[in-house]
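Numbering of ligands and ligand atoms starts at 1, following listing order. All residue numbers in this chain count up from 1 along the given sequence.
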Amino acid sequence: MCGIVGYTGPNNSVGPIIEGLSRLEYRGYDSAGICLKVENELQIIKKEGKLDNLKELINLHKPFSHTGIGHTRWATHGAVTTDNAHPHGNEIFAVVHNGIIENATTLKKDLFHEGYQFKSQTDSEVFLVLLTKFFNEGNSTLISISKAFSSITGNSAFVILEKASDKLYAIKRSAPLVVGENREFREAYVSSDPFALVGFAPRIYFPEDGVICEGIVTGSEVTVNFYELDLTHSNRYKFQSNSMSVDATSKGPYEHYMLKEIYEQPALIDKLAAYYIKNEGRKILDEMKGFRAQEWHITACGTAWHAGLVIKNFLEQVNHQKASVDIASEFRYRHPILNHGDVGLFISQSGETADTLASQELCKEKGIPTFSIVNVEGSTLFRNADKNFLIHAGVEIGVASTKAFTLQALTGYLMGLAMKGSLDDSLHYSEIKLLSNRISDLCGQSDFIKDVAEQIYTKKGFIFTGRGKYFPIALEGALKLKEIAYVHAEGYAAGELKHGPIALIDEDIVNIALVGPELLEKTLSNVEEVKARRGIIVVVGPKNHPEVEQIADAYIPLDFNGLQNLSPLYVNVALQFLAYHIAKLKGTDIDKPRNLAKSVTVE
Ligand code: F6R
């Protein structure tokens, strides 16, 4: 969601801020802005639309400033306009914000009655006005930040610039925030994502909630201070060296990050298996040997929720353990029954998804252990979990999650094998190797899937169907297609179609039927029902199957042999390619689809 980058140091802040914001573009945004301290003035340049619009303005003015903050906004309160874009500023402070101030309406009313004016419709400006009010009452900047922050509710991160100094201030509550330091070049940074600081700040700090961070650069050194809200020094932060490499974030020879990330999957699968079976990860899994939860409460959002559905099947079928799966935004409010002996299992690529974090918090309050399957080490989910299973996907830049899904599901599978004590079973190891080989083969067939895409991409709607272990894949396939191709797509259990959705079928609707070797006849009968109503049939099914060949208008043949439990992950990659090629034919912005954000830090 909103991206934040701040800089103070001896160089022009514009370069690192714009570079950082560009790196965060993948998270989704609708306007961008920058505030620079230029000769004792706070100069704000902002513009709705893409970052390029802001860059054009910057090129026009060519500003130079040692201290600045930048922001990409994903609108929550107030339309997408230049006025609502961040930073918000006045003659004393400028502020950028990520999150939601839940009591903004009440605060705004009170401040309005006290005579304060607002220039935007955002909740964020309320923080700026509060800050200004406390400062005007004679408080220092630090006290004003503390008071303003204590007045608001909701999850938020703020970065603040003041006219009176070159300091950077930041504070957060349940929203991502990282402070960076480059001692060699005497630079301090702040961002919503360590990725923005790769190559700039080798030392990074993750403050805990309610810790005020202050970045100061003097002639000879850079200092980062941390304060509690009562302004005593705080040690509630974690230090980490920023080990990410800039190379890992390049697109390489691929046209899109999404494509690159699809292609990365075979190698990442092999690496993950080696990590958990043979290398350092083994220790974490060995601790799981014999472990049983009375019930697993799997909770996640979007694609990660679909991975949760796959893992539930593994836990039930491989481990014979009870598992329920919830969408995090539902779990947190539905008063789930959580008993002693249960475990909360949270799945997330970013580890910063607001609803997933709130669900984790709920489990913690109820005293049940929380485990995570997560990509970003050091993320909030990671830090708050009792046990973490990293998926080691590397940075996922395409907004549409691909490799993270595969590795989340595989990590859940490995966790299950560890509980069963069958991690060394060579059958499982070869099944995983087979999976990466088959996905590799599929990568070689991408052009063939493109031909299928060409046959169907103009159609009105897409219904993905699957039974059993392919049902979560039907949901995931439909989500991928709708998010990047902007077409209506739904995933259904194949047997459920006749209970309503079949009314949609006509010659302009495509049924992407996932036909695995299990329940094949039953699934094909469901396909026949669609065909009888003139629906277009695309089967993703076993190769060399005459019955399937005969029924399908287009056919993506797969080799299911020997894949057993992991075949859903294989089928899913075929659907990733299909969504990619349909989106490409439609000419959408594949890596940054409209309206979407990569890390959803508001509920
Ligand atoms: C879809 C997608 C989203 C995320 C969801 C959860 O392609 O990327 O549905 O899966 O927003 O995000 P994380 O995994 O970061 O918690």
*asked:* Among all the protein's non-hydrogen atoms, which is closest to atom 10 (O) of ligand 1, and how far away is it?
replied: T303 N, 3.1 Å
*Does ligand 1 have an atom that lies less than 4.0 angstrom from a heavy atom of E352?*
no
*Do the charged groups of D589 and K50 touch, with an N to O distance under 4.0 Å?*
yes
*Nearest protein heavy-atom contact for atom 11 (O) of ligand 1: which residue, which atom, what distance?*
V600 CG2, 4.0 Å
*asked:* Can you give me the closest heavy-atom contact between N242 and P194, atom names plus distance?
replied: ND2-O, 3.5 Å
_D326/R334 salt bridge by N-O under 4.0 Å criterion_ = yes
_For F405 and H306, I'd like to know if the aromatic rings sit close, meaning centre-to-centre distance below 6.0 Å._
no
_Test of ring centre spacing under 6.0 Å for Y275 and H392_ = yes
*Looking only at distance, does Q349 have an N or O less than 3.5 Å from an N or O of ligand 1?*
yes
_Cation-pi check for Y276 against R282: NZ or CZ below 6.0 Å from the six-membered ring centre and within 45 degrees of the axis, yes or no?_
no
*Name the closest protein heavy atom to atom 7 (O) of ligand 1, giving the residue it belongs to and the distance to 0.1 Å.*
E483 OE2, 2.5 Å
*Considering heavy atoms of the protein only, find what lies nearest to atom 12 (O) of ligand 1 and give residue, atom and distance to 0.1 Å.*
T353 OG1, 3.4 Å
*Does NZ in K482 sit with more than 12 non-hydrogen atoms of other residues, nucleotides or ligands closer than 6.0 Å?*
yes
*Run the contact test for V399 against ligand 1 with a 4.0 Å cut-off on heavy atoms, strictly below, and give the result.*
yes
*Can you tell me if NZ on K387 sees more than 12 non-hydrogen neighbours from other groups inside 6.0 Å?*
yes
_Polar contact flag for T356 and ligand 1 (N/O pairs, less than 3.5 Å)_ = no
_Under 4.0 Å from a heavy atom of K480: which atoms of ligand 1 are those, numbered in the order shown and with their elements?_
1 (C), 7 (O)
*asked:* Students should be able to answer this: which protein heavy-atom is nearest to atom 6 (C) of ligand 1, and at what distance?
replied: C301 O, 3.3 Å
*Would you mind listing which atoms of ligand 1 come within a distance below 4.0 Å of any non-hydrogen atom of A400?*
7 (O)
_Is the distance from the ring center of Y263 to that of F577 below 6.0 Å?_
yes
*What atoms of ligand 1 come within less than 4.0 Å of a heavy atom belonging to A304?*
10 (O), 14 (O)
_Which residue and atom name correspond to the protein heavy atom nearest atom 15 (O) of ligand 1, and how close is it?_
S350 OG, 2.6 Å
